[in-house]
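One structure is given below, encoded as structure tokens.
When reading the values below, keep in mind they use all heavy atoms of this one structure, side chains included, and skip hydrogens, waters and symmetry mates. Model, not experiment: these values are computed from the prediction. Counting convention: from 1, in listed order, for ligands and their atoms alike.
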Amino acid sequence: MDVSKLWGGRFTKPTDQLVEAYTASIPFDKELYEEDIRGSLAHVAMLAKCGIIPAQDAEKIREGLHAVLARIRRGEAEFTIADEDIHMNIERQLIEEIGPVGGKLHTGRSRNDQVATDMHLYLRKWIVRFVGLLADLQEALIGQAKANLDTIVPGYTHLQRAQPILLAHHLMAYVSMFRRDIERLQDSYKRVNTLPLGAGALAGTTFPIDREFVARQLGFERIYDNSLDAVSDRDFVVEFLAAAAIIMMHLSRLCEELVLWSSTEFGFIELDDAFCTGSSIMPQKKNPDVAELVRGKTGRVYGHLMGLLTVLKSLPLAYNKDMQEDKEGLFDTIRTLDGALRLMAPMIATMKVNRERMRQAVRQDFSNATDIADYLVNKGLPFRQAHEIIGKLVLHCIQQGVFLPDLPLETYKTFSALFEEDIYEVLKPERVVNARNVYGGTASGQVAGAIGRAEAELAAVREWAANRAERDKF
Ligand code: ARG
């Protein structure tokens with residue numbers, strides 16, 4: 001009989017080795033050791049404070065947990081699948097450290113509320129880090145936007161030249177996208193920062209515990225108000241995975257533009273050598289591998305979101321072993337997002353903008369066509385008629401192989417008598433850009449305003465993150 005299991009009392013046979021290997025989570029949930037020990041320290045402090053265990057026992061357990069923590073941090077702890085998961089590995093090591101009194105730690109607690117608490121603490125820490133990393137990326141984008149407040153690029157729809165815009169305006173669109181990502185993470189923080197501990201296995205506990213005390217110790221702002229929900233809720237993980245999937249989607253869109261823009265065909269930007277790689281056969285190659293990989297790794301993050309939603313679908317209350325499957329996808333998502341965000345900020349900050357190439361691009365296209373239509377409208381023509389006239393004018397240019405500023409005024413007049421000499425002023429890209437002087441538009445004053453607002457928000461976000469990072473210090 002296998003007496004060595006922490007739950008071995010009821011069993012008459014040792015666990016089949018295949019079962020042991022199949023059910024163990026220690027190979028991956030060792031990632032949670034800090035959170036597990038931190039949660040245990042708060043729990044044991046509460047047990048003593050409520051008179052559930054003697055103060056001197058609690059003190060021994062506290063010292064023992066610190067010894068175990070130090071050993072793990074030094075890389076000297078041995079984890080074993082015989083002890084299944086991080087919770088029982090740590091409890092075993094505690095008992096080895098201080099003797100049977102270590103067995104008092106698990107009073108009034110279950111692994112079900114324990115693992116949920118670990119996951120909340122863990123994700124709370126990472127959400128704050130990701131808010132900071134998103135702010136770093138925003139800062140890099142804002143830096144490039146400020147340096148390019150007078151750089152005009154073609155704006156596209158359908159990937160066809162549409163209207164000229166400021167490069168700064170284009171970059172600030174991403175700042176707005178990442179602002180929504182930050183808001184999503186900040187919103188989910190409320191639910192992540194809710195304490196499940198005290199729910200026991202599913203129904204609560206017979207011991208006179210003080211959940212509020214534990215919540216305060218661990219910096220939780222709220223506690224779960226239903227014990228079944230506390231142990232079976234993984235919404236907060238799903239929410240994070242959804243937010244991560246959207247962040248990756250945003251990064252992937254940005255990366256796609258970096259890949260396109262750094263191609264010879266566009267030639268709008270050049271990524272720094274430190275953020276590119278070469279080819280083993282073609283000596284001339286400089287490939288935007290990082291941008292491509294971020295784009296590619298978006299797939300696995302989407303997969304983890306779908307994976308967990310599917311694990312949770314139809315799960316009866318309360319805890320089920322299926323829920324152990326919440327971890328690997330989450331940890332991989334965190335690694336993937338962390339790796340991508342850490343690289344994106346310096347890659348954006350160091351990219352070179354080929355202003356001359358962009359200038360040429362906007363002078364050799366018809367992206368000012370809308371503005372001449374608007375010109376005729378300002379002279380009283382209905383927009384639909386103006387649209388028709390300019391369409392014919394553009395067709396004429398294409399047939400002649402010229403652009404709108406190249407046409408003499410006489411030609412303009414054959415299309416509409418309303419054209420005057422001032423049409424040439426209207427065609428200038430600077431004029432086209434600055435004419436879009438509405439809130440949220442590309443006129444330089446509007447973009448400067450957007451940059452100012454984004455910088456103020458950035459400062460507020462940094463403060464939000466710094467305040468919350470305090471809670472995670474351990
Ligand atoms: N390793 C488990 C998990 O990650 C911990 C909770 C186990 N609880 C249980 N009753 N088997 O979900």
### Query
Should the pair His170 and Tyr174 be assigned to parallel (<30°), tilted (30 to 60°) or perpendicular (>60°) ring geometry?
tilted

### Query
Which is it for Arg234 and Asp326 under the salt bridge (charged side-chain N to carboxylate O under 4.0 Å, His left out) test, yes or no, and what are the steps along the way?
CA-CA 8 Å; Arg234 292 294 181 274; Asp326 62 355; 2.7 Å; yes

### Query
Stepwise, does the side-chain hydrogen bond (donor to acceptor under 3.5 Å, both in side chains) test hold for Arg355 with Thr151?
CA-CA 6 Å; Arg355 296 189 179 84; Thr151 307; 3.2 Å; yes

## Note on the structure
Sorted by chain and residue number, the side chain to side chain donor-acceptor pair (under 3.5 Å) partners of Asp113 (sequence neighbours excluded) come out as none

### Task
Specify the protein heavy atom at minimum distance from atom 11 (N) of ligand 1: its residue, its atom name, and the distance to 0.1 Å.
Arg111 NH2, 3.4 Å

### Message
I'd like to know if Gln114 contacts ligand 1, where contact means a heavy-atom distance under 4.0 Å to any ligand atom.
### Response
no

### Message
For atom 10 (N) of ligand 1, what is the closest protein heavy atom, and at what distance to 0.1 Å?
### Response
Asn112 OD1, 3.1 Å

### Summary
A student checking ligand 1 against Ser25 at a 4.0 Å heavy-atom cut-off should list atoms 1 (N)

### Task
Look at atom 5 (C) of ligand 1 and say which protein heavy atom is nearest, naming residue and atom and giving the distance to 0.1 Å.
Asp85 OD2, 3.5 Å

### Summary
of all protein heavy atoms, closest to atom 1 (N) of ligand 1 is Gln324 OE1, 2.9 Å

### Query
Within the structure, does His87 bring an N/O atom to less than 3.5 angstrom of an N/O atom in ligand 1?
no

#### Entry: Ring geometry between His120 and Phe236 (parallel below 30°, tilted from 30 to 60°, perpendicular above 60°)
parallel

### Query
Of the protein's non-hydrogen atoms, which lies at the shortest distance from atom 12 (O) of ligand 1, and what is that distance?
Tyr319 OH, 2.5 Å

#### Entry: Under-4.0 Å salt bridge between Arg184 and Glu239
no

## Note on the structure
For atom 4 (O) of ligand 1, the closest protein heavy atom turns out to be Lys327 NZ, 2.5 Å

### Task
With sequence neighbours excluded, tell me which residues meet salt bridge (charged side-chain N to carboxylate O under 4.0 Å, His left out) with Asp150.
none

